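Quick caveat: nothing in here was measured; it's all calculated off a predicted structure.
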Amino acid sequence: MLLAAAYVLTGRLWFPMGLHAGWNFSEGSVYGLSVSGFTAKNALTHGLRQGPLILTGGAFGPEASIIAVLLCLGTAVLLLWRAAKIGRIQPPLWSRQQFASRLGLVDRKRIPRPP
């Protein structure tokens with residue numbers, strides 16, 4: 001959801017791809033933690049995960065923890081809020097005509113305005 005929200009906000013792939021690459025690089029090469037179940041061999045530091053699986057992500061790594069899920073969800077909501085604020089999100093196709101008619105943007109000759 002986070003990567004989709006990043007794409008919606010910018011309309012380009014560089015931002016979601018950069019987020020993904022930065023996340024994987026920092027998680028594996030900097031902190032020495034598992035990335036999608038693969039353990040980094042050469043890392044700047046070697047982090048230890050201790051605690052319940054829901055908090056550590058288990059063998060899959062920290063990206064499977066509830067903390068990462070909530071962090072990514074919160075960031076996605078903020079990105080989508082910003083995208084909506086600057087007009088990057090359009091109403092669904094089936095409701096655009098109704099939305100336009102409420103704003104008085106439809107051609108009155110072709111589409112009658114609802115009462």
Side-chain angles (χ1 to χ4, degrees):
M1 188 166 168
L2 172 62
L3 300 179
Y7 177 75
V8 168
L9 179 63
T10 63
R12 293 182 168 83
L13 285 176
W14 68 265
F15 188 38
M17 289 172 68
L19 281 173
H20 189 263
W23 176 278
N24 283 352
F25 176 77
S26 64
E27 192 174 8
S29 298
V30 175
Y31 298 114
L33 300 170
S34 297
V35 178
S36 302
F38 298 103
T39 305
K41 294 180 178 150
N42 298 324
L44 189 59
T45 63
H46 292 284
L48 292 174
R49 292 165 300 162
Q50 296 177 345
L53 289 179
I54 196 162
L55 295 177
T56 64
F60 196 78
E63 61 193 343
S65 73
I66 192 68
I67 295 168
V69 170
L70 293 175
L71 178 69
C72 290
L73 181 64
T75 305
V77 167
L78 288 174
L79 291 176
L80 289 172
W81 172 79
R82 177 71 178 138
K85 188 174 179 181
I86 64 173
R88 299 273 311 165
I89 298 177
Q90 296 180 359
L93 185 61
W94 62 86
S95 69
R96 287 183 194 164
Q97 186 174 351
Q98 295 169 354
F99 181 72
S101 68
R102 280 190 222 137
L103 294 177
L105 300 175
V106 295
D107 185 2
R108 294 174 198 239
K109 294 177 187 174
R110 289 186 294 145
I111 304 170
R113 200 167 196 202

* Say whether L44 and V35 are linked into one hydrophobic cluster, either directly or through other cluster members, by side-chain heavy-atom distances under 4.5 angstrom. =>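 No, because L44 and V35 fall into different hydrophobic clusters, even though each may have its own neighbours under 4.5 Å.
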
* Within one Ile-Leu-Val-Met-Phe-Trp-Tyr cluster: L3 and L9, side-chain cutoff 4.5 Å -> yes

Listed pairs under 3.5 Å, donor-acceptor, residues 21-28 side chains, sequence neighbours left out:
unit_1 : atom_1 : unit_2 : atom_2 : d
W23    : NE1    : E27    : OE1    : 2.8
W23    : NE1    : E63    : OE1    : 3.4
S26    : OG     : G22    : O      : 3.0
S26    : OG     : W23    : O      : 3.1
E27    : OE2    : E63    : N      : 3.4

* Asked: Would one find more than 12 heavy atoms of other residues, nucleotides or ligands at under 6.0 Å from atom CD1 of I54?
  ->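 Count not over threshold, so no.
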
* To do: Could you tell me the separation between the CZ atom of R88 and the OH atom of Y7, rounded to the nearest 0.5 Å?
  => 8.0 Å

Show which side-chain atoms of residues 64-87 pair as donor or acceptor with protein atoms under 3.5 Å away, not counting sequence neighbours.
unit_1 : atom_1 : unit_2 : atom_2 : d
S65    : OG     : P62    : O      : 2.8
S65    : OG     : A68    : N      : 3.2
T75    : OG1    : L71    : O      : 2.8

